[in-house]
Amino acid sequence: MNARVTFDSEDIEEDMEDHNDPLVLTLPVEGCNIKKILIDGASSVNVMFYDTFKRTELNDEQLMSSYYTIYGFHGASTKPLGDIVLQVDAGPMKVDTRFSVVDAPFPYNTIIGRIWVHKLKGVATTYHQYLRFPTPERVMEIKGDQVTARECQAMQNQLNNEQDELRKSRRNEIKKLPRRKPLTFILKRSQEKV
């Protein structure tokens, strides 16, 4: 488990030289192969989106209470529906992982953050498009799916554009509302003599 995890120029394929793709993997989660998993080293929380949660045949009764709010989906705060602990496998490594289940539109099925990567003692690199981690036998790797990553990015851009249009529309509607006249206060001086 103390093997060195390294990357070098030979890990870069010719068509990968100039890209800006996120690392997107397929991993077994609770025995189901889940595609479109975003590995996000900036995230301190693991997120499973509600439609994915339902497709894995889990039910709402399995959710534990969630006492926090997640910030970042379309610039808004999101309260999870609840949390659930599920096993996520990476080769022979099995990691119990706490997910916040969120009902929000998102092109990915799941977001796995740095806590999971750290439990693997792994290194995720978007540039090389690999997740590498030590096992008792050797260093294992899981290659990212750049085609799916680009599809998800395109969907995310479309969602962002739709959200921007919705915000603009709301602002325009507010501008069209009739303006109220300002209130005028009249102060009367006391007529009493002291």
Side-chain angles (χ1 to χ4, degrees), residues 1-59 62-64 66 68 70 72-73 80-102 106-153 155-156:
M1 296 292 290
N2 292 325
R4 291 177 56 175
V5 177
T6 61
F7 297 88
D8 58 39
S9 60
E10 293 169 7
D11 293 319
I12 302 297
E13 297 169 12
E14 284 182 33
D15 62 337
M16 289 176 56
E17 246 347 281
D18 189 25
H19 74 87
N20 190 27
D21 301 325
L23 183 59
V24 177
L25 305 177
T26 297
L27 295 170
V29 177
E30 206 66 26
C32 298
N33 271 342
I34 305 289
K35 296 180 179 185
K36 296 195 291 185
I37 295 177
L38 174 65
I39 304 298
D40 184 359
S43 179
S44 61
V45 66
N46 303 303
V47 176
M48 178 175 281
F49 294 93
Y50 190 62
D51 59 336
T52 304
F53 175 81
K54 295 308 274 183
R55 283 195 315 265
T56 57
E57 298 182 6
L58 298 166
N59 61 56
Q62 294 173 274
L63 292 173
M64 301 174 281
S66 181
Y68 51 89
I70 298 172
F73 298 111
L81 301 173
D83 289 356
I84 190 165
V85 176
L86 302 172
Q87 181 178 291
V88 180
D89 301 344
M93 309 302 288
K94 300 176 183 332
V95 179
D96 287 336
T97 306
R98 186 179 189 106
F99 288 94
S100 292
V101 178
V102 172
F106 212 64
Y108 303 97
N109 291 320
T110 302
I111 299 172
I112 291 183
R114 65 180 172 269
I115 295 170
W116 182 83
V117 175
H118 290 181
K119 283 184 179 180
L120 280 179
K121 297 181 181 171
V123 179
T125 170
T126 58
Y127 180 70
H128 296 92
Q129 287 291 298
Y130 281 107
L131 169 67
R132 289 189 178 153
F133 52 95
T135 70
E137 294 81 37
R138 62 188 171 94
V139 172
M140 290 197 69
E141 65 183 27
I142 301 173
K143 182 153 178 45
D145 181 348
Q146 282 186 283
V147 172
T148 300
R150 290 173 183 170
E151 290 170 357
C152 289
Q153 283 295 102
M155 285 188 278
Q156 182 63 50

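Hydrogens, waters and symmetry mates play no part in the numbers below; they use all other heavy atoms, side chains included. This chain uses plain numbering: 1 for the first residue, then up along the sequence. Owing to the predicted nature of the structure, the values given are computational and were not obtained by experimental measurement.
- Here the shortest heavy-atom pairing between Arg114 and Ser44 reads NH2-CB, 3.4 Å.
- Here the closest non-hydrogen pair linking Asn59 and Lys54 is CA-NZ, 4.5 Å.
- Of the possible donor and acceptor atoms, none in the side chain of Asp89 sits under 3.5 Å from a partner among the backbone N and O of Gly91.
- The heavy-atom pair separating Pro80 from Ser66 by the smallest distance is CG-OG, 3.5 Å.
- Listed here is the closest heavy atom pair of Pro134 and Lys121: CD-O, 3.2 Å.
- Cation-pi contact between Lys143 and Tyr130: present, with separation from the ring centre below 6.0 Å and deviation from the ring axis of at most 45°.
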request  = Let me see the working for Val47 and Tyr108 under side chain to side chain contact (heavy atoms under 4.5 Å, CB included), right down to the final yes or no.
outcome  = CA-CA 10 Å; Val47 176; Tyr108 303 97; over 6 Å; no
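- Asn109 contributes a side-chain N or O that, together with a main-chain N or O of Lys35, makes up a donor-acceptor pair within less than 3.5 Å.
- Annotation: the span from Asp40 atom CG to Thr110 atom OG1 amounts to 12.5 Å, rounded to 0.5 Å.
- Of the inter-residue distances, the one linking Glu151 atom CD with Gln146 atom CD reads 12.0 Å to the nearest 0.5 angstrom.
- The aromatic rings of Phe53 and Tyr50 lie parallel to each other, with less than 30° between the two planes, well short of the 60° mark.
- The side-chain heavy atoms of Phe106 and Ile111, taken from C-beta on, include a pair separated by under 4.5 Å.
- The nearest pair of heavy atoms linking Leu131 to Leu120 is CD2-CD1, 4.1 Å.
- At least one side-chain heavy atom of Leu81 sits under 4.5 Å from a side-chain heavy atom of Leu63.
- Once rounded to the nearest 0.5 Å, the distance linking CD1 of Ile115 with OG of Ser43 reads 8.0 Å.
- When all heavy atoms of Val45 and Ser100 are compared, the pair lying nearest together is CG2-OG, 3.6 Å.
- Summarising the geometry, atom CD1 belonging to Ile112 is positioned 9.5 Å from atom CG belonging to Leu38; distances are rounded to the nearest 0.5 Å.
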inquiry  = Walk me through whether Leu86 and Met48 qualify under side chain to side chain contact (heavy atoms under 4.5 Å, CB included).
reply    = CA-CA 10 Å; Leu86 302 172; Met48 178 175 281; 3.7 Å; yes
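- Remark: side-chain polar atoms of Asn46 are paired, donor with acceptor, to backbone N or O of Arg98 under 3.5 angstrom.
- Between Leu27 atom CG and Cys32 atom SG the span is 12.5 Å, to the nearest 0.5 Å.
- In this structure, Gln129 contributes its side chain and Pro22 its backbone to a donor-acceptor pair below 3.5 Å.
- Side-chain atoms of Thr148 never come within 3.5 Å of backbone atoms of Asp145 as a donor-acceptor pair (strictly under, hydrogens ignored).
- Using a 4.5 Å heavy-atom cutoff, the side chains of His19 and Arg150 are in contact.
- Side chain of Glu30 to backbone of Gln87: a donor-acceptor contact under 3.5 angstrom is found.
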request  = Dump the intermediate steps for side chain to side chain contact (heavy atoms under 4.5 Å, CB included) on Thr97 and Val29, then the final yes or no.
outcome  = CA-CA 9 Å; Thr97 306; Val29 177; over 6 Å; no
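- Other residues, nucleotides and ligands place more than 12 heavy atoms under 6.0 Å from the CG atom of Asn33.
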From CA spacing to verdict: side chain to side chain contact (heavy atoms under 4.5 Å, CB included), Phe99, Asp83 = CA-CA 5 Å; Phe99 288 94; Asp83 289 356; over 6 Å; no
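- Taking 4.5 Å as the limit, every side-chain heavy atom of Phe49 sits out of range of all side-chain heavy atoms of Val101.
- Here Thr125 contributes atom OG1 and Glu141 contributes atom CD; the two are 12.0 Å apart, rounded to the nearest 0.5 Å.
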